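Working notes for the structure below.
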Amino acid sequence: MSSDLRVEESEIEILDIYGDGGAGGLSDDKDIQKCVKEFQKHSPDAAVQKIKENFETLDHVTLNIGVTGNTGAGKSSFVNAIRGLSNDDEGAAETGVTETTQTPTPFPHPTMPNVTIWDLPGIGSPKFKAKTYLSDVHFERYDFFIILTSERFKENDINLAKAIKKKKRLFYFIRSKIDNDINAEKNRRNFNKEIMLSKIREDCKKNLKSVGDSKVFLISSLNFNEYDFNKFIDTLEKELPETKKHALVLSLPVYSLEVLQRKKRHLQKMIWLTAFGSGAIAIVPIPGLTVACDYGIILSFLESVFKSFGLEDSSLQRLAARVQLNVMSLKAEIKSRFHDGVTRRAVTSLLTTPAMAAIMTLKGLMSGAIPLGQLPAGAMSVPIMHYLLNKGLKEMEKDAKSVLEKAQLH
Ligand SMILES: Nc1nc2c(ncn2[C@@H]2O[C@H](COP(=O)(O)OP(=O)(O)O)[C@@H](O)[C@H]2O)c(=O)[nH]1
Ligand SMILES: [Mg+2]
């Protein structure tokens with residue numbers, strides 16, 4: 001398609017290349033300063049190496065989530081939902097069955113294999129011993145635990161939470177199947193959803209008093225866009241280490257515009273790292289490209305964005321089945337150069353964006369953000385890379401928004 005190679009920039013777009021009125025990309029001073037420091041400390045080669053290592057670490061960070069609770073609490077359904085699967089999808093954890101397995105079952109994320117959700121054995125037995133349970137499930141494996149119940153939290157839930165606390169690990173209480181509670185009450189004359197939710201919340205908190213200041217979230221695995229799921233993710237974003245929260249947010253299913261924006265914020269942070277790692281030194285110039293750059297890093301960044309935004313065929317297929325649409329009608333919403341995926345052709349067309357004017361404007365724009373004098377001569381391609389990666393990200397964001405709209409999930 002020759003239209004791939006068209007120059008689409010206008011001076012106006014350049015002034016707002018970072019979206020959010022121009023603040024987003026430049027405000028991440030800490031990341032830029034870290035990269036610049038690497039350059040001052042080491043030779044340029046070593047600095048790029050170091051930045052690449054950081055990038056790799058981020059790419060390979062593991063996240064293990066342990067989901068526990070009574071049989072029937074909704075553990076398997078939650079495990080499926082957080083992996084973006086419906087209970088009937090291929091590869092989904094079996095639901096509505098009496099648990100027979102006494103060992104944790106790992107469910108790898110469908111597009112991010114380093115993220116694993118563990119369906120843990122039920123804790124309903126009267127003979128339950130929290131300490132033994134924790135060592136049996138290898139508690140040290142999990143970055144955090146989720147304790148689910150669809151009723152009141154019982155003694156076993158509370159004892160388990162106390163034992164996890166003793167081990168100085170994170171845990172969160174989730175009161176599941178809230179949609180059922182709402183449906184059962186909604187026809188009553190004085191029904192008020194918010195009052196009802198806060199009653200359930202207060203009741204849970206009272207019930208859990210002996211555990212200390214613990215957090216309870218009300219959710220429905222049938223619809224993460226309702227109730228407390230977003231609040232739950234807000235809390236995790238505050239409490240998890242930097243790399244772990246990054247893995248978590250990127251792995252979330254795209255169920256709303258809100259989660260798409262959350263993902264975008266995380267991915268934009270990665271752009272500086274990617275730009276430095278890929279563009280700081282003219283490693284192997286690729287003929288015809290605007291800048292000499294490390295193609296591999298750029299490709300892997302754009303692939304992460306594509307996957308995380310749910311634009312891959314497999315994600316679209318699952319979404320189509322869930323909202324009862326034809327997958328082709330969702331795919332048709334991907335109108336950018338990435339319609340056929342993150343292909344070499346699409347990436348090359350992004351990187352051949354010439355717009356010399358854009359680059360000149362960028363020089364002016366960036367010299368305030370990065371002390372360019374402190375970088376090796378080749379590093380001028382860093383701001384250009386930043387600009388191009390952000391452009392790719394924004395194109396995919398637009399696609400993802402159209403898909404959400406088509407699926408009526410915005
Ligand atoms: N309405 C509704 N039903 C749910 C929800 N979560 C689970 N269920 C249903 O509750 C039953 C038990 O769920 P399951 O995930 O198998 O529980 P587990 O035994 O803890 O793994 C199944 O019939 C699920 O479909 C929810 O959030 N809302
Ligand atoms: Mg189960």
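Nothing fancy with the numbering, it's 1 onward along the sequence. Order of appearance sets the numbers: ligands from 1, and atoms from 1 within every ligand. Worth knowing before you read on, the calculation uses all heavy atoms, side chains too, and leaves out hydrogens, waters and symmetry mates. Keep in mind that this is a model prediction, so the values were computed, not measured.
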Please walk me through it: do F217 and Y227 pass ring-ring contact (aromatic ring centres under 6.0 Å, His included)?
CA-CA 8 Å; F217 301 93; Y227 319 115; over 10 Å; no
Set out, in order, the CA-CA distance, both residues' side-chain angles and the distance that settles ring-ring contact (aromatic ring centres under 6.0 Å, His included) for Y172 and F232, then state yes or no.
CA-CA 9 Å; Y172 303 91; F232 174 50; 5.7 Å; yes
Do any N/O atoms on S76 end up under 3.5 angstrom from N/O atoms on ligand 1?
yes
Kindly confirm or rule out an N or O of K177 lying under 3.5 angstrom from an N or O of ligand 1.
yes
Of the backbone atoms (N, CA, C, O) and the side-chain heavy atoms from C-beta on, which set of L148 has a member under 4.0 Å from an atom of ligand 1: side chain, backbone, both, or neither?
neither
Return yes when at least one N/O/S atom of S76 is nearer than 2.8 Å to the Mg ion (ligand 2), and no when none is.
yes
Pair R175 + D203: basic N to acidic O under 4.0 Å
no
Would you check whether D119 reaches within less than 4.0 Å of ligand 1, judged by its heavy atoms?
no
With the threshold set at under 4.0 angstrom, would you say S176 reaches ligand 1 through any of its heavy atoms?
no
Is the shortest distance from a heavy atom of G69 to ligand 1 less than 4.0 Å?
no
Compute the shortest N/O to N/O distance between I219 and ligand 1 and return yes if it is under 3.5 Å, no if not.
no
Nitrogen or oxygen atoms of A73 and ligand 1 under 3.5 Å apart:
yes
Under 3.5 Å: N/O of V97 near N/O of ligand 1:
no
Answer yes or no: does an N/O atom from K75 fall short of 3.5 Å to an N/O atom of ligand 1?
yes
